[in-house]
Q: 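The structure follows.
Residue numbers start from 1 in every chain, and the chains themselves are labelled A, B, ... in the order their sequence lines are given, proteins ahead of strands. For the numbers below, each heavy atom of this structure counts, side chains included, while hydrogens, waters and symmetry mates do not.
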2 protein chains.
Amino acid sequence: MNIGSAAKLSGLTVKSVRYYADIDLVKPVINEKNGYRDYNNDDVAKLGFIGQARKFNFSIRECRDLLSLYEDKNRSNKEVKKLTIEKINEIDQKLKELTLLRKKLSHLADNCKGNGRPDCPILDELSKLQKKS
Amino acid sequence: MNIGSAAKLSGLTVKSVRYYADIDLVKPVINEKNGYRDYNNDDVAKLGFIGQARKFNFSIRECRDLLSLYEDKNRSNKEVKKLTIEKINEIDQKLKELTLLRKKLSHLADNCKGNGRPDCPILDELSKLQKKS
DNA sequence: ATAATCGTTCCTGTAAGGGGAAGGTAAAGT
DNA sequence: ACTTTACCTTCCCCTTACAGGAACGATTAT
C-alpha cells in the first residue's frame, strides 16, 4: 500500500512515516515504476508500535531498541522491562523537578499582590544573583 | 567588561551571553578598537535576571517580556503575576500528563515478569493499534 | 482532457544554545 | 622584545522529531 494508507492505518502522519523511512526505522520497499514507498501489513504494525511507544514518551532511539526487541521472537522480557523501568525513573525525576519548580513559582506568586502597583516581589526575586542553585 | 567576565558574574556561559546579544535580548556596546562586546553592570544584572527566569522555566520569549517589565519602573505587578500564574498552570498541565504517563507505564511494567522469558506483555500492549488515545 | 488528489525530493524552521574551526587581540611570562 | 597562553571574534554544523511548503511527477476521478 502507499504511504497515505500506511499512515492512516497506523495512526501517524505521512510526514512521520516518511521520516521514519529516512532514518531507517521502518523501511518500505520502493516501487520501481513510480518511486512510491510500498508498505505491507508488517510495516504498518511496526509503525503503529512506534506510534504507541512515542505516546509513552519513548524517544526515537528507544523506539529503535524496542522495535528490535519486538522483532526478535527470542528476546527476553527482562530487557524490555528494564527499558520501561528506566523510562519511569526518568519521569519520576522530571516530576520531582517540576514539583520543586512549581513550589518556587507559587511562592513567588503568593508574595505578589498583583494589585497594579509598581512594586513586584517576583521581579525583585528574579533580579537577585543567586550563588547557589 | 568583556564577555567572559560578564558571563562569570551573571552565572551564564559565554555561549549563552553571546546568543542573547545575537537575538537582541541583552545588547552590549561594541568596542570599536577590537570589536569586543563591552558589558556594564546593568547588562550583567539583566543577564543574571534572565538566568534566574530561565531556571524558572520561562522561555526566551517570556524572558523578553519579563525583562521589559523589569526595566519599566512604572510597570504593574499585575502583569508579572499573570505571567507567573500562567507558567504555574503550564507546569500543572505537564505534571498531569506525566503522572498519567507514569501510571500507564508502571501498569505495563507491573504486568511483565521480567524473568528472561520471551513473552512480554509490554511489547504486546505497545503492538496494539489503539483507536482512542 | 482536465482537475483533484496523491506521491516524490528538497529546503527551511523550530528552542536554546553546544562544539569546534579559523583567525585576530590582549595579557602575562621569560 | 618575543613567545606562549588566554580570550575574543565570526561562521558553520549539530541536536529532537518532525511540520510547512515549494516544485514537480504520478494516479485517479470527472
Side-chain angles (χ1 to χ4, degrees), chain A residues 1-40 43-44 46-67 87 90-91 94 97 101, chain B residues 1-40 43-44 46-67 87 90-91 94 97 101:
Chain A
M1 73 190 80
N2 286 342
I3 196 169
S5 311
K8 189 158 291 180
L9 284 177
S10 61
L12 301 177
T13 66
V14 170
K15 280 284 188 184
S16 294
V17 176
R18 198 173 281 129
Y19 176 66
Y20 296 157
D22 286 348
I23 63 173
D24 293 348
L25 191 53
V26 177
K27 283 186 82 70
V29 169
I30 301 298
N31 181 328
E32 294 297 337
K33 310 284 181 189
N34 54 19
Y36 286 15
R37 294 174 180 79
D38 189 6
Y39 292 88
N40 60 33
D43 294 329
V44 171
K46 289 183 202 171
L47 289 171
F49 176 87
I50 293 165
Q52 282 306 113
R54 294 283 301 128
K55 280 188 190 167
F56 281 103
N57 227 26
F58 286 101
S59 68
I60 293 291
R61 172 67 188 145
E62 289 165 334
C63 285
R64 206 182 288 273
D65 295 341
L66 285 172
L67 198 57
K87 184 54 63 178
E90 264 178 48
I91 290 175
K94 194 74 185 173
E97 288 170 18
L101 196 55
Chain B
M1 74 190 80
N2 286 341
I3 196 169
S5 311
K8 190 159 291 178
L9 285 176
S10 61
L12 302 177
T13 66
V14 170
K15 279 284 189 184
S16 295
V17 176
R18 198 173 281 131
Y19 176 66
Y20 296 159
D22 287 348
I23 63 173
D24 294 349
L25 191 52
V26 178
K27 282 186 81 71
V29 169
I30 300 298
N31 182 328
E32 295 296 338
K33 310 282 182 189
N34 53 21
Y36 286 14
R37 293 173 180 80
D38 189 6
Y39 291 88
N40 60 33
D43 294 328
V44 171
K46 289 183 203 170
L47 289 171
F49 176 87
I50 293 165
Q52 283 306 114
R54 294 284 301 130
K55 280 187 190 167
F56 281 104
N57 228 26
F58 286 102
S59 69
I60 293 290
R61 172 67 188 144
E62 288 165 334
C63 285
R64 207 182 286 274
D65 295 341
L66 285 171
L67 198 58
K87 184 55 61 178
E90 265 179 45
I91 291 175
K94 193 75 185 171
E97 289 171 17
L101 197 54

Q: Has B:R18 got a side-chain N or O lying under 4.0 Å from the OP1 or OP2 atom of C:dG17?
A: no
Q: Counting just side-chain N and O atoms, does A:T13 come under 4.0 Å of either OP1 or OP2 of D:dC18?
A: no
Q: What is the distance, to the nearest angstrom, from the CG atom on A:L25 to the P atom on D:dT16?
A: 14 Å
Q: CE of B:M1 versus P of D:dC8: gap in Å, rounded?
A: 12 Å
Q: I need the CG-P distance between A:D22 and D:dT16, as an integer number of Å.
A: 15 Å
Q: Which listed nucleotide (D:dA17, C:dA16, C:dG7) is nearest to the side chain of A:Y19?
A: D:dA17
Q: Would you say B:N40's side chain and B:D43's backbone share a donor-acceptor pair under 3.5 angstrom?
A: yes
Q: Of the nucleotides C:dG7, C:dG18, C:dG17, which has the atom closest to the A:N2 side chain?
A: C:dG7
Q: Whole-Å distance between C:dG7 P and A:D38 CG?
A: 12 Å
Q: Got a second to check how far B:I50's CD1 is from B:L67's CG, nearest 0.5 Å?
A: 5.0 Å
Q: Do B:N2 side-chain atoms and B:G4 backbone N/O form a donor-acceptor pair below 3.5 Å?
A: no
Q: Could you state the CZ-P distance from A:R61 to D:dC14, rounded to the nearest angstrom?
A: 19 Å
Q: Determine yes or no for a side-chain-to-main-chain donor-acceptor pair under 3.5 angstrom, with A:K87 supplying the side chain and A:N57 the backbone.
A: yes
Q: In whole Å, what is the span from the CD1 atom of A:I3 to the P atom of C:dT9?
A: 9 Å
Q: Given the structure, check if the side chain of A:Y36 and the base of D:dG25 hold any donor-acceptor pair shorter than 3.5 Å.
A: yes
Q: Round to a whole Å and report the spacing from OH of B:Y20 to P of C:dA15.
A: 14 Å
Q: Let me confirm one number: the CG-NZ distance from B:L101 to A:K55, rounded to the nearest 0.5 Å.
A: 12.0 Å
Q: Checking contacts here: which listed nucleotide (D:dT9, D:dT27, D:dA17) is nearest the side-chain heavy atoms of A:N34?
A: D:dT27
Q: Establish, with yes or no, whether the OP1 or OP2 oxygen of D:dA19 is under 4.0 angstrom from a side-chain nitrogen or oxygen of A:S16.
A: yes
Q: Kindly point out which of C:dC10, C:dG17, D:dA17 is positioned nearest to the side chain of B:K15?
A: C:dG17
Q: Please determine whether a side-chain nitrogen or oxygen atom of B:R37 lies at a distance below 4.0 Å from atom OP1 or OP2 of D:dT9.
A: yes
Q: A:R54 CZ to D:dC18 C1': how many Å, rounded?
A: 9 Å
